[in-house]
Trainee: 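Attaching a single structure in structure tokens format; questions to follow.
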Amino acid sequence: GCSSLPCPSCFRLDTSSSVIDLTISNCGYDQSGNALSTAAMRTYTLVNTGSKSATVTDGTRKFWITARGVGGSSVSCECYNGDLVCGTPASEGLVKSLEVAGSL
């Protein structure tokens with residue numbers, strides 16, 4: 001959860017002053033805290049509105065979200081059977097390379 005509470009379905013990540021590392025654990029629960037059935041899927045939307053990159057993890061996998069204005073700054077993640085999977089176009093190495101090159 002998010003600080004022991006069920007997580008909302010949408011997150012605005014303002015990375016204007018620093019990188020944000022968001023952890024969504026136990027993603028297989030709805031906003032009321034009820035466990036989802038194995039046939040259910042929950043979708044999270046994450047939007048980076050700042051100038052630095054962000055990450056989201058479920059504690060096992062880590063997904064990168066690029067800075068605002070760059071492809072990949074808005075990401076949809078799905079939780080199925082307790083596993084979080086996000087459709088991010090960049091890996092850690094690519095994000096860091098772009099930042100060093102001044103593209104972000």
Side-chain angles (χ1 to χ4, degrees):
C2 296
S3 300
S4 300
L5 300 171
C7 292
S9 294
C10 185
F11 292 88
R12 177 181 160 284
L13 307 173
D14 184 359
T15 60
S16 298
S17 56
S18 64
V19 171
I20 293 176
D21 298 309
L22 175 66
T23 299
I24 299 177
S25 56
N26 298 318
C27 67
Y29 290 83
D30 66 18
Q31 286 181 295
S32 300
N34 300 313
L36 299 174
S37 73
T38 56
M41 187 173 356
R42 182 161 182 205
T43 300
Y44 295 91
T45 302
L46 300 101
V47 179
N48 185 351
T49 60
S51 58
K52 296 175 179 44
S53 62
T55 64
V56 61
T57 181
D58 62 1
T60 303
R61 293 173 273 322
K62 183 182 273 191
F63 303 94
W64 293 85
I65 305 166
T66 59
R68 180 188 66 188
V70 178
S73 62
S74 176
V75 174
S76 176
C77 300
E78 287 75 35
C79 178
Y80 173 71
N81 206 21
D83 295 324
L84 188 70
V85 178
C86 303
T88 58
S91 67
E92 174 182 6
L94 177 57
V95 169
K96 291 190 183 301
S97 296
L98 291 171
E99 288 173 343
V100 169
S103 298
L104 291 180

Trainee: Which value, rounded to the nearest 0.5 Å, describes the distance between Leu22 atom CG and Tyr44 atom OH?
Mentor: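 If we round to the nearest 0.5 Å, Leu22:CG and Tyr44:OH are 10.0 Å apart.
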
Trainee: Hey, could you give me each pair passing salt bridge (Lys or Arg N to Asp or Glu O under 4.0 Å) that has a residue in residues 72-87? Not counting sequence neighbours.
Mentor: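 Only Arg61-Asp83 qualify under salt bridge (Lys or Arg N to Asp or Glu O under 4.0 Å).
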
Trainee: Say whether Arg68 and Ser51, considering side chains only, have a donor N or O and an acceptor N or O under 3.5 Å apart.
Mentor: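 No - no donor-acceptor pair under 3.5 Å links their side chains.
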
Trainee: What distance separates Leu46 CG from Ile24 CD1, expressed to the nearest 0.5 Å?
Mentor: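 The distance works out to 5.5 Å.
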
Trainee: Begin from the C-alpha positions of Asn48 and Ser74 and carry the test side chain to side chain contact (heavy atoms under 4.5 Å, CB included) through to its verdict.
Mentor: CA-CA 6 Å; Asn48 185 351; Ser74 176; over 6 Å; no

Trainee: Can you tell me how far SG of Cys79 sits from CG of Asp58, rounded to the nearest 0.5 angstrom?
Mentor: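 Nearest 0.5 Å value for the CG-SG distance: 8.0 Å.
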
Trainee: Kindly compute the distance separating CZ (Phe63) from OG1 (Thr57), expressed to the nearest 0.5 Å.
Mentor: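 The OG1 atom of Thr57 is 7.5 Å from CZ of Phe63, to the nearest 0.5 Å.
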
Trainee: Could you identify which residues cluster with Tyr80, counting Ile, Leu, Val, Met, Phe, Trp and Tyr as linked when any side-chain heavy atoms lie under 4.5 Å apart, either directly or through a chain of such contacts?
Mentor: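 Answer for Tyr80: Met41.
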
Trainee: Can you tell me how far CD1 of Ile65 sits from CD1 of Ile20, rounded to the nearest 0.5 angstrom?
Mentor: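 Separation between the atoms: 9.0 Å.
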
Trainee: Would you check, one step at a time, whether the test side chain to side chain contact (heavy atoms under 4.5 Å, CB included) holds for Ser53 with Thr66?
Mentor: CA-CA 5 Å; Ser53 62; Thr66 59; 5.7 Å; no

Trainee: Has the side chain of Thr15 got a donor or acceptor atom that lies under 3.5 Å from a matching backbone atom of Lys52?
Mentor: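 The answer is yes, because a donor-acceptor pair under 3.5 Å joins these two groups.
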
Trainee: Specify the closest pair of heavy atoms between Thr49 and Asp14, including all atoms of both residues, with the distance to one decimal.
Mentor: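 Looks like OG1-CA, 3.6 Å.
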
Trainee: Through direct or indirect side-chain contacts below 4.5 angstrom among Ile, Leu, Val, Met, Phe, Trp and Tyr, which residues connect to Val85?
Mentor: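 Val85 clusters with nothing; isolated.
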
